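As the structure is a prediction and not an experimental result, all values here were calculated from the model.
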Number of protein chains: 2
Amino acid sequence: MNYNVPRMTRVESRAWLALITASELLPAALDSQLRRDAGLTHFEFIVTTVLRQADGNRLRVTDLALATNSTLPRLSKVVSRLEKRGLVERIADRVDGRSVNVVLTALGRRALIRAVPGHIDYVRRLVLDDLTEEQLVNLATALEPLVARLDPQHLYTLRN
Amino acid sequence: MNYNVPRMTRVESRAWLALITASELLPAALDSQLRRDAGLTHFEFIVTTVLRQADGNRLRVTDLALATNSTLPRLSKVVSRLEKRGLVERIADRVDGRSVNVVLTALGRRALIRAVPGHIDYVRRLVLDDLTEEQLVNLATALEPLVARLDPQHLYTLRN
DNA sequence: AATTTTTAGTTGCCGCGGCAACTACACGCT
DNA sequence: AGCGTGTAGTTGCCGCGGCAACTAAAAATT
């Protein structure tokens, strides 16, 4: 066998290590802040945020899945959880009998609105405040092609 | 209540969105490539890599946990899985009766060595090849303070 | 030396996400 | 109308990680 491996350069492995470490740790950190302060997982936060921005605070499950880079099963379960807590309602679609609309309730809206400031604050302290405008651009520019490749459907809609 | 939220600027939300999206999708992508091509999860890959670089291909469970930003329970379970497959062995420490040394077996070493080229290749295609040297530096520089904050112990040792 | 406290590691239970299987409805074709 | 194919969504089972509870051994305290 030929182990003629294309080794990484110093910078490459620095960047790569930072990226996988951040990817490993960031989701747990977000979950934990949001859970503690607002009783929501990060994914639930995203889902309710997307609903809030949607027309009539409602979206079909499939569209919600697309907008959140998620899968139908995952979303179906999250919606069930949120529904049990009254943050969201399932309403059968009048036009297409297969479709289900997920609607953010007033309670859900309030929960989200209460969660936002603390979360933004946390995000600022964790990442954004550190970076100059230029660094922010660089970061976005470096990551966007990666995201595009990771998300083959290019549905990456949260982008508001 | 006062919802005087510190809203994000355009760049901030671009950078933030790219970062959380990457964090959400990257780990699954790595797992899936490594699983398919080498039968290892990304975390198992990390663990075996750290062991391979360690003195005598062995490390105490606690040290392994520190080196991988992991917890003891998580690591204990991963080691059990790897042990079942013969990639790793548990050896009681001669000095401290509480400690367990995890040793990479020859089989484990071979499995890892087989996994590396394809993985590096994948990582290159996914991220690195896209970026100029300067962008790599920028990326690392932007993420490192974040990582430092996420990993309060600053044990972030994989760094070699 | 005996007792307490701390440290190392494992195990059980739970929650979450993935995949595959399934139901139900819609659409296309004849 | 009837049949097959495709689409929307849900559910069950599994694997993984977190936390808390536990065991066992070492260190510190008296």
Side-chain angles (χ1 to χ4, degrees), chain A residues 23-36 39-47 58-85 88-103 150 153 155, chain B residues 23-36 39-47 58-85 88-103 150 153 155:
Chain A
S23 293
E24 175 100 355
L25 301 179
L26 184 54
L30 298 178
D31 276 338
S32 123
Q33 181 271 320
L34 280 167
R35 243 183 206 303
R36 173 169 40 79
L40 293 172
T41 64
H42 183 242
F43 186 63
E44 289 168 347
F45 179 84
I46 300 279
V47 166
R58 94 184 37 209
L59 232 39
R60 291 168 50 235
V61 175
T62 300
D63 296 331
L64 197 46
L66 293 175
T68 57
N69 288 304
S70 176
T71 61
L72 283 183
R74 182 182 184 188
L75 211 65
S76 176
K77 286 166 190 176
V78 172
V79 168
S80 297
R81 296 198 296 266
L82 292 174
E83 196 180 24
K84 244 170 240 153
R85 297 167 50 194
V88 129
E89 262 178 280
R90 270 191 243 246
I91 299 187
D93 194 291
R94 295 184 186 282
V95 184
D96 186 332
R98 295 164 300 179
S99 289
V100 172
N101 289 285
V102 184
V103 189
L150 288 173
Q153 328 219 21
L155 295 159
Chain B
S23 292
E24 174 99 354
L25 301 180
L26 184 55
L30 298 178
D31 275 338
S32 124
Q33 181 270 321
L34 280 167
R35 241 182 209 306
R36 172 168 40 82
L40 294 171
T41 64
H42 183 241
F43 185 64
E44 288 168 347
F45 178 85
I46 300 280
V47 166
R58 94 181 40 206
L59 233 38
R60 290 167 52 237
V61 175
T62 299
D63 297 330
L64 197 46
L66 293 176
T68 57
N69 288 303
S70 176
T71 61
L72 283 183
R74 181 182 185 189
L75 211 66
S76 177
K77 287 166 190 177
V78 172
V79 168
S80 297
R81 296 198 295 267
L82 292 174
E83 197 180 25
K84 244 169 241 153
R85 299 168 47 194
V88 130
E89 262 178 281
R90 270 190 243 248
I91 299 187
D93 194 290
R94 294 182 188 282
V95 184
D96 186 332
R98 296 165 299 179
S99 289
V100 172
N101 290 285
V102 184
V103 189
L150 288 173
Q153 329 219 22
L155 295 158

Going 5' to 3' on DNA chain D, which nucleotide is the first and which the last to come under 4.0 Å of a heavy atom in chain B? dC16(D) to dA26(D)

Look up atom OG in Ser76(B) and atom CD in Glu83(B), then write down how far apart they are to the nearest 0.5 Å. 9.5 Å

Between Arg74(B) and Asp96(B), whichever has its closest DNA chain C nucleotide further toward 5' is Asp96(B)

What contact category does Ser70(B) fall into here, base, sugar-phosphate, or nothing, at under 4.0 angstrom with non-hydrogen atoms? nothing

Let me spell it out: for each of Ala28(A) and Leu75(A), pick the nucleotide of DNA chain D with the closest heavy atom. Which residue's pick is nearer the 5' end? Leu75(A)

Val47(B) side chain reached by Glu44(B) side chain, heavy atoms, under 4.5 Å: no

Could you pull out all residues at least two apart from Asp93(B) that satisfy side-chain hydrogen bond (donor to acceptor under 3.5 Å, both in side chains)? Asn101(B)

All heavy atoms of His42(A) vs all of Leu34(A), minimum pair found to be CA-CD1, 3.6 Å

Interatomic distance, Arg94(A) CZ vs dC25(C) C1' [rounded to whole Å]: 17 Å

Go through the structure and list residues passing side-chain hydrogen bond (donor to acceptor under 3.5 Å, both in side chains) with Arg60(A), not counting sequence neighbours. Asp63(A), Ser99(A)

Mind checking if Asp93(A) touches a base, just sugar-phosphate, or nothing, with heavy atoms under 4.0 Å? nothing

Could you tell me whether the side chain of Thr68(A) and the main chain of Leu64(A) form a donor-acceptor pair under 3.5 Å? yes

